[in-house]
2 protein chains.
Amino acid sequence: MTKIKRDTSRKKNSILDAAQQAFMEYGYENTSMDQISELAEASKRTVYNHFPSKDDLFQAVLERFFKEASDLKNIPYDNNQSLSSQLEKFVDAKIIVSKNKEWLGLMRVAMSVFILNPQVAEEMMDRIHKMDNYLGIWLEKAKNDNRLNFSQAEEVSEIFYAGVSGLFFWPVILGAKIPEKKVKSLKKTYIDNFLKVYQN
Amino acid sequence: MTKIKRDTSRKKNSILDAAQQAFMEYGYENTSMDQISELAEASKRTVYNHFPSKDDLFQAVLERFFKEASDLKNIPYDNNQSLSSQLEKFVDAKIIVSKNKEWLGLMRVAMSVFILNPQVAEEMMDRIHKMDNYLGIWLEKAKNDNRLNFSQAEEVSEIFYAGVSGLFFWPVILGAKIPEKKVKSLKKTYIDNFLKVYQN
DNA sequence: ACTAAATTACACTAACAAGTTTACTTTTAA
DNA sequence: TTAAAAGTAAACTTGTTAGTGTAATTTAGT
């Protein structure tokens, strides 16, 4: 009486893909399960067999998305490279999501939902991040290497990312188009300022 | 054949109040016109007599809200006061919205809608702000007073506000509760850093 | 008090969407 | 090959909501 399990990942993935595309394009509220099933070339019943509700499906889409986006931020400390070029990598990792049109679309939907459902945001971040503190670790290493000077890495990391988000992430999420030239110049100024404060 | 016009502002305002409260509490999508009319103690027909659609009503609510919130940022330059205390006022003006429970609720809804409808965001900001550049003006004055040093006020202002938003505004919008103690300490560090870079 | 403007009650349309049921067909692992 | 697992199609239930039409009622300015 053993159950035979068959591989259902193909349909499941095509549902996830379709859902991602639809949510990206129309937002959560304006995407219907019928749309998704049609786009996935699956029957609605199959969609519901894989995901018990629209909400569950949405969460699954986000989980996959944030997992993908999370690794990008793991930048190793390199004592042979300039601090500014390494910090630039942290900035780039944070803003790359907003440069890919698909990612940007999904990030927008995610943010709009998170804003209205903070508990969803928290659960998601808990499930994915388990606190990615890559910059914090990097900062500590630079400090041990006597190249940076500060007391609390956590605070410094928070301040650094706050500025990056405020300059490059949120404006883009809200529809601003920042010319590459301006990105470059702002990035330089921002990192220079940061190093003026914390570099030995 | 002159038309006698009667004062309808009371009903109109009570509709706006009710709409604001409902949008705040349930978000745009999950607020119905029936709810609003009931809360306003007006018939649905009257609501539609004042506002041709749900969208128009929402925009009217936001317009009123942002107009109120806009004046707060007009901080005059004072050459007898310390730069840090004046900058602190700019920070406070930016984050006060997130400290009032009602304002925070409406700001959340506004942001979630803006994110998904960037053109709405732009229209709204055009209609209200006409670019409030109070910090830019303040910076110029401090520069002319030989207390600050920079080349482009606009860039500096952008960087300053980016950090403030990233530290205090967006986290709160996303549900974070920052203890007052931490706000104070972050604010101090942030302003100190800023002055380290730009103060003469 | 008169009268037009404002408001109301409420039924109505038209559309949409989440999730279910059922009877059926296709796929695949052993 | 075959039987169970997976998937399908399409109608269906249940509920919601934006917006309208209309006839009746209330309100306020002259």
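In what follows, chains carry the letters A, B, and so on, assigned in the order in which the sequence lines appear, proteins first and then strands, with residues in each chain numbered from 1.
Checking each of A:Y198, A:Y190, A:F90 against A:F160 for a ring-ring contact (aromatic ring centres under 6.0 Å, His included) leaves exactly one that passes, namely A:Y190.
Using a 4.0 Å heavy-atom criterion, one finds that A:S32 contacts the sugar-phosphate atoms exclusively. Across all strands, B:E29 comes closer than 4.0 Å to no nucleic acid atom at all (heavy-atom distances). Contact annotation for A:E38: no contact, since no heavy-atom pair falls under 4.0 Å across all strands. Residue contacts shown for A:T8 are limited to sugar-phosphate atoms, with no base heavy atom under 4.0 Å away. Backbone-only contact: A:K11 has heavy atoms under 4.0 Å from sugar-phosphate atoms and none from a base. Residue B:T31 is in sugar-phosphate contact alone, with no base atom involved, counting any heavy-atom pair closer than 4.0 Å across all strands shown.
Rounding to the nearest 0.5 angstrom, the gap separating the CG atom in B:L72 from the CG atom in B:D92 is 11.0 Å.
Rounded to an integer number of Å, the gap from OH of B:Y28 to P of D:dT16 is 19 Å. Rounded to an integer number of Å, the gap from B:Y48 OH to D:dT22 P is 18 Å. When rounded to the nearest whole Å, the span between CG of B:D7 and P of C:dA6 equals 10 Å. The CE-P distance, from A:M33 to C:dA17, rounds to 12 Å in whole Å. Whole-Å rounding puts the B:I15 CD1 to C:dA6 P distance at 13 Å. Residue B:F58 contributes atom CZ, which lies 13 Å from atom P of D:dA18 at whole-angstrom precision. Distance B:K44 NZ to D:dA18 P: 7 Å, rounded to the nearest Å. Protein atom OH of B:Y26 is 16 Å distant from nucleotide atom C1' of D:dT17, rounded to whole Å.
When side chains are defined from C-beta on, B:K89 counts as touching B:Q81, because their heavy atoms get closer than 4.5 Å. With a 4.5 Å cut-off on side-chain heavy atoms, A:H50 and A:L16 do not count as touching.
OP1 or OP2 of C:dT8 sits under 4.0 Å from a side-chain N or O of B:S43. Using a 4.0 Å cut-off, some side-chain N or O of B:R10 falls inside it from OP1 or OP2 of D:dA28. Under 4.0 angstrom from either OP1 or OP2 of C:dC12 there lies no side-chain N or O belonging to B:R45.
In this structure, a donor-acceptor pair under 3.5 Å is present between the side chains of B:D56 and B:S53.
Looking at B:R108, its side chain never comes within 3.5 Å of a backbone N or O of A:L116 through a donor-acceptor pair.
Within residues 49-57 of chain B, the residues having any heavy atom closer than 4.0 Å to DNA chain D are, in order of number, B:S53, B:K54.
For B:Y28 and B:F58, the gap between ring centers is short of 6.0 Å.
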